[in-house]
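Step one of this worksheet: look at the structure below.
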Amino acid sequence: MALKNPRSAISLSRQALRHCRSQNVSSVTRPAASTCSRTFATSTPRPSEAEAEEPRWNHTPALMKAPFSPHITKNPLRSRWQVNEDPQKLDDALNDFLGRDGARMLPEELKWLAVTHKSFDQGRRGFNDRLAFLGRQICTLEATESIITSIPKLDGIPEDPYAEKRQPFEDKALRSLDNLSTNQPSEVFTMDKLTQLAVDTGLSEVVRWKPRMPENKLGSGFNTVMSGAVYSLVGAVALQNGGKVASKIVRERIMKKLRP
């Protein structure tokens with residue numbers, strides 16, 4: 001980890017030194033036998049039964065917690081950020097986004113994974129990057145198919161200056177391919193449209209993320225996080241229920257709302 005200035009390095013060194021001293025003091029007060037057994041133990045500590053039964057989305061794994069934080073916060077107010085922890089609120093947002101009984105389409109762990117950005121809890125509870133990648137490919141496929149199957153927008157074929165020397169192949173089914181020269185899938189799924197969809201369906205209220213600047217959410221990547229959450233839900237539906245169900249969600253619950 002690169003530190004920006006010597007003052008940060010000194011502060012981090014002091015914090016680590018205090019932790020080491022506290023560990024040494026506690027080890028001196030223990031009996032010698034327990035100290036030796038802890039020193040030469042080869043097995044990794046097992047989590048308690050309560051932590052093992054608690055779902056992953058609801059807590060940070062104990063083995064992923066550092067003894068002290070190397071992050072030096074210049075402004076403590078920026079570390080304060082509340083996220084949704086209510087399962088019922090998440091289910092309501094999914095029902096609004098995916099349709100009736102949309103919350104039943106996904107298991108509990110996959111629901112929270114789909115709405116968790118990697119900025120939340122340093123990514124220690126999992127994040128939705130891979131689901132978003134899968135969902136983006138499905139959305140691009142559906143947008144492309146919609147464009148090439150729509151009515152041809154080019155009324156006439158431009159004259160071929162070499163018409164006397166060659167005969168081009170023409171077919172009515174292929175004329176819609178020219179629509180891709182004027183419309184692209186990226187114009188259907190723009191970041192602003194996806195963000196507005198997330199806000200309208202209440203999805204933005206349940207996405208778990210940590211903005212770099214809480215006082216400026218747009219400057220912290222609000223649009224990027226919300227559009228990624230939309231894609232990740234599509235990917236989660238495809239992962240759990242298959243590509244046909246995900247494609248139907250894209251056509252009926254997303255594209256109809258994005259297109260005027």
Side-chain angles (χ1 to χ4, degrees), residues 55-58 60 81-143 185-214 216-241 243 245-259:
R56 171 73 181 273
W57 64 266
N58 199 24
T60 303
W81 182 258
Q82 297 293 332
V83 297
N84 174 59
E85 298 290 346
D86 185 8
Q88 183 59 44
K89 186 175 181 179
L90 176 61
D91 290 346
D92 294 340
L94 292 180
N95 289 333
D96 196 2
F97 182 83
L98 299 175
R100 184 178 179 181
D101 295 333
R104 298 183 180 180
M105 299 178 67
L106 302 174
E108 194 73 12
E109 192 70 30
L110 191 56
K111 290 179 190 177
W112 290 100
L113 182 64
V115 297
T116 302
H117 188 254
K118 59 184 176 183
S119 61
F120 174 72
D121 198 16
Q122 306 295 327
R124 293 179 294 185
R125 304 191 196 183
F127 47 90
N128 58 7
D129 277 10
R130 295 183 179 182
L131 292 177
F133 176 80
L134 175 60
R136 185 185 182 92
Q137 307 311 310
I138 296 175
C139 290
T140 301
L141 175 63
E142 289 300 321
S186 58
E187 298 176 0
V188 178
F189 294 99
T190 63
M191 192 175 296
D192 293 336
K193 291 180 180 179
L194 293 175
T195 302
Q196 188 60 44
L197 176 64
V199 173
D200 294 341
T201 57
L203 184 62
S204 60
E205 300 295 329
V206 296
V207 173
R208 302 195 296 179
W209 70 301
K210 172 63 177 65
R212 183 171 62 90
M213 299 176 292
N216 184 11
K217 293 193 296 184
L218 291 178
S220 300
F222 179 76
N223 291 354
T224 303
V225 174
M226 293 304 130
S227 60
V230 174
Y231 286 135
S232 64
L233 281 176
V234 176
V237 172
L239 184 66
Q240 184 68 24
N241 302 280
V245 177
S247 297
K248 184 178 180 181
I249 291 293
V250 173
R251 292 191 302 267
E252 298 181 359
R253 303 297 303 179
I254 298 179
M255 293 182 62
K256 284 185 178 181
K257 296 181 180 180
L258 297 183
R259 287 183 169 177

Looking at residues at least two apart in the chain, or sitting in another chain, which of them share a side-chain contact (heavy atoms from CB on, under 4.5 Å) with [X]?
X: R130; result: none
X: K217; result: W81, W209, F222
X: A236; result: L106, L110, A114, L131
X: A246; result: I138, V234, V237, A238

Who pairs with S204 by side-chain hydrogen bond (donor to acceptor under 3.5 Å, both in side chains), at least two apart in sequence or on another chain?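 So S204 forms no side-chain hydrogen bond (donor to acceptor under 3.5 Å, both in side chains) with any residue.
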
Partner residues of Q196 under the side-chain hydrogen bond (donor to acceptor under 3.5 Å, both in side chains) criterion, sequence neighbours left out: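 With sequence neighbours excluded, Q196 shows a side-chain hydrogen bond (donor to acceptor under 3.5 Å, both in side chains) to D200, given in chain and number order.
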
For residues 93-107, which residue pairs qualify under side-chain hydrogen bond (donor to acceptor under 3.5 Å, both in side chains), counting only residues two or more places apart or in two chains?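 Sorted pair list comes back empty.
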
I need the T201 OG1 to R253 CZ distance, nearest 0.5 Å.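 It comes to 9.0 Å.
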
Spacing of CZ belonging to F97 relative to CD1 belonging to I249, to within rounding of 0.5 Å: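 If we round to the nearest 0.5 Å, F97:CZ and I249:CD1 are 8.0 Å apart.
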
R125: partners by salt bridge (charged side-chain N to carboxylate O under 4.0 Å, His left out), with sequence neighbours left out: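 Expected list: D121.
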
Apply salt bridge (charged side-chain N to carboxylate O under 4.0 Å, His left out) to E187 and list each qualifying residue two or more places apart in sequence or on a separate chain.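 Checked E187 against salt bridge (charged side-chain N to carboxylate O under 4.0 Å, His left out); zero matches.
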
Enumerate the salt bridge (charged side-chain N to carboxylate O under 4.0 Å, His left out) contacts for residues 219-239, please, sequence neighbours excluded, ordered by first and then second residue.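 Those involving residues 219-239 do not exist here.
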
Residue pairs, two or more places apart or on separate chains, that pass salt bridge (charged side-chain N to carboxylate O under 4.0 Å, His left out) and touch residues 82-92: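 Salt bridge (charged side-chain N to carboxylate O under 4.0 Å, His left out) check on residues 82-92 returns E85-R208, D91-K111.
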
Any pair counted as ring pair (Phe, Tyr, Trp, His ring centres under 6.0 Å), so long as it reaches residues 109-137, sequence neighbours left out: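 Sorted pair list: W57-W112.
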
Where is the tightest heavy-atom contact between F189 and C139, given as atom of each residue plus distance?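 Result for this residue pair: CE1-O, 3.2 Å.
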
